[in-house]
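Position 1 is the first residue of the sequence; numbering continues from there. All figures in this text were calculated on a predicted structure; none of them were measured in a lab.
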Amino acid sequence: MECSAKNLVLGQMTYNQAEKYCVRIKSNGHTGSGVLLPGKETFYVLTSAHCLGTSIPDANQIIIEKQDDYNSDFKKITSVNVTEFNIEHDFALIEINFDCEEKLLYQYKLGRGVLGENEIRFCGYQGINLNQYRPFTGKILSVSDDIGCFKITLLGETFDQGGEDGHYLAKGLSGSGVFVYRHSSPFLIGILNSVITDKAWNDDIDCCSIKHIEQYISEYVDLSDFENLKQWNENLERERTDREIEAFKNENSDFFEKLYRKNNVLYPEKTKANSVTAKQIRKFLAMNDNIRTIENDYPILYSKFKNIVKRFVDQVEDDYSRNVNESNEAINLKMELQNQLKSEFEALLPSFTNFDLSEYQVIEWLGICTLNFSKND
């Protein structure tokens, strides 16, 4: 691929879709599927060994192609070297020239230690239509981590369609990357192996895990280790929180600075202040849309809401805004104000306004300094 074409592709991709990492492989008269893989020092395609033939081919005999979407033209990826060719476990690792695709390939993680009954997703090129990839969903039936294999089956569909045998319709999918999803993020756990001859009966497929190529991988997540997953999720949440804060700060700098300054008084620990600020920003933006809907569709209701807010303004500035010695003092004042405001709203506004207007209003007051907390030095 040319880098200019890649940049266009990257701007259009949704990175949590398994099909974005799918490739078609041709070698020695065989056609199969494969999955793009980031390594420690270079990039690879992982596929089933039998997709390359009965013996290891030269790299220049392997044609690897990728589509931007299921109906687009194929773009070639250069094969550099066949790094691994393992007939016993039926996997092959091909080093590729993929210099400009770091942004794409580092969007997913690699996973080990999967549990049975997990839902999975894979995508590949069926023999009946080798010019368009097709995604499938399934679940893990059983796992043998000791020898690095697992078995999956399809969910909600079957390979037996239109009077054709399942093994014929499944042919070509060998080498497809198998992904498990955690917190909407894809984890590559292995590839499809025995989607050939009669082994696709009952829509069950044997798979090879990434255990066999760990020496080429910089890091992976143990999907059976809940503490590991928890830590990974916390790191992901922190990264997402930082991005949200930065985006809101750039667009609403004055509001953000005032809100963030108050939250540093309320929550002295920086990580907590960042997390609370991000949650408030998300809630404020979502509820702001609801407020606009009420203003447009229920003007009398909106007028009642604004009149209550107006009555509270002086009280907020005079009775609640102050210097505090401890963060708990500010937190208690904030909660007292929010509860009082909530009581007023519940008395005058109908129950179908089923979002918390009081929290929305307190966030707004913090962001415009009607409600102001500062710490005594």
Side-chain angles (χ1 to χ4, degrees), residues 18-19 21-37 44-57 61-67 70 74 77 79 82-94 96 120-144 147-155 157-161 164-180 188-213:
E19 48 264 43
Y21 311 105
C22 173
V23 298
R24 186 178 68 179
I25 298 176
K26 295 180 179 179
S27 175
N28 293 324
H30 299 267
T31 301
S33 303
V35 60
L36 296 168
L37 180 80
Y44 301 97
V45 163
L46 179 62
T47 186
S48 292
H50 74 260
C51 292
L52 304 183
T54 56
S55 60
I56 184 169
Q61 296 177 315
I62 303 170
I63 299 173
I64 302 176
E65 299 170 301
K66 186 181 184 305
Q67 291 178 291
Y70 81 98
F74 283 89
I77 297 173
S79 303
V82 181
T83 306
E84 292 280 352
F85 185 81
N86 189 306
I87 295 293
E88 179 185 0
H89 297 291
D90 195 15
F91 73 91
L93 191 65
I94 307 164
I96 58 173
I120 58 91
R121 187 174 176 90
F122 66 90
C123 183
Y125 290 87
Q126 289 177 281
I128 58 170
N129 187 2
L130 290 173
N131 294 318
Q132 292 183 350
Y133 62 68
R134 185 174 187 272
F136 293 84
T137 56
K139 68 177 181 179
I140 297 173
L141 289 178
S142 54
V143 177
S144 179
I147 60 174
C149 65
F150 57 96
K151 180 172 288 189
I152 65 173
T153 190
L154 297 184
L155 278 179
E157 54 188 332
T158 176
F159 287 129
D160 297 321
Q161 299 170 10
E164 298 286 355
D165 289 339
H167 74 273
Y168 173 72
L169 294 178
K171 188 176 181 181
L173 292 172
S174 295
S176 300
V178 181
F179 291 86
V180 167
L188 179 69
I189 61 171
I191 55 168
L192 272 60
N193 283 149
S194 59
V195 196
I196 53 175
T197 65
D198 60 352
K199 291 186 179 181
W201 290 119
N202 299 321
D203 303 315
D204 294 347
I205 308 165
D206 288 322
C207 302
C208 170
S209 83
I210 64 166
K211 173 181 179 177
H212 302 288
I213 57 167

Qualifying residues under ring-ring contact (aromatic ring centres under 6.0 Å, His included), relative to [X], sequence neighbours excluded:
X: H30; answer: none
X: F91; answer: H212
X: Y125; answer: F74

Quick check: do [X] and [Y] have side-chain heavy atoms less than 4.5 Å from each other?
X: R24; Y: N131; result: yes
X: S48; Y: L192; result: no
X: K26; Y: L130; result: no
X: V178; Y: I205; result: no
X: L37; Y: L93; result: yes
X: Y44; Y: I213; result: no
X: Y21; Y: L188; result: no

With [X], which residues qualify under side-chain hydrogen bond (donor to acceptor under 3.5 Å, both in side chains), at least two apart?
X: Q61; result: none
X: N86; result: none
X: S209; result: none

Atom pair [atom1]/[atom2] of [X] and [Y] - distance to nearest 0.5 Å:
X: I63; Y: I25; atom1: CD1; atom2: CD1; result: 11.0 Å
X: S144; Y: K211; atom1: OG; atom2: NZ; result: 8.0 Å
X: C207; Y: I191; atom1: SG; atom2: CD1; result: 8.5 Å

Practice item. Start with the C-alpha gap between I152 and L141, add the side-chain angles, then the distance that decides, and say whether side chain to side chain contact (heavy atoms under 4.5 Å, CB included) holds. Key: CA-CA 5 Å; I152 65 173; L141 289 178; 6.0 Å; no
**Study point:** With S79 via side-chain contact (heavy atoms from CB on, under 4.5 Å) - residues at least two apart
**Key:**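 side-chain contact (heavy atoms from CB on, under 4.5 Å) list for S79, sorted by chain: A59, I62, I64, I94.
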**Study point:** Under the side-chain contact (heavy atoms from CB on, under 4.5 Å) test, residues paired with S55 that sit two or more places apart
**Key:**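 S55 satisfies side-chain contact (heavy atoms from CB on, under 4.5 Å) with no other residue.
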Check your understanding: Can you check whether D90's main-chain N or O pairs, donor with acceptor, with N193's side chain at less than 3.5 Å?
Key ->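 Here the side-chain-to-backbone pair exists.
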Check your understanding: T47 side chain to G175 main-chain N or O, any donor-acceptor pair under 3.5 Å?
Key ->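 Side chain of T47 to backbone of G175: no pair is present.
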Check your understanding: Got a sec, which residues hit salt bridge (charged side-chain N to carboxylate O under 4.0 Å, His left out) with K151, two or more places apart in sequence or on another chain?
Key ->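 K151: salt bridge (charged side-chain N to carboxylate O under 4.0 Å, His left out) contacts with D206.
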Exercise for review: Could you pull out all residues at least two apart from E19 that satisfy salt bridge (charged side-chain N to carboxylate O under 4.0 Å, His left out)?
Suggested key: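 With sequence neighbours excluded, E19 shows a salt bridge (charged side-chain N to carboxylate O under 4.0 Å, His left out) to R121, given in chain and number order.
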Grab the two heavy atoms, one from [X] and one from [Y], that are nearest each other, plus how far apart they are.
X: A92; Y: L52; answer: CB-CD1, 3.7 Å
X: S176; Y: F122; answer: CB-CD1, 4.2 Å
X: S174; Y: C51; answer: O-SG, 3.4 Å
X: P57; Y: N28; answer: CB-ND2, 3.7 Å
X: C123; Y: C22; answer: O-SG, 3.5 Å
X: Q132; Y: Q67; answer: CA-OE1, 3.9 Å

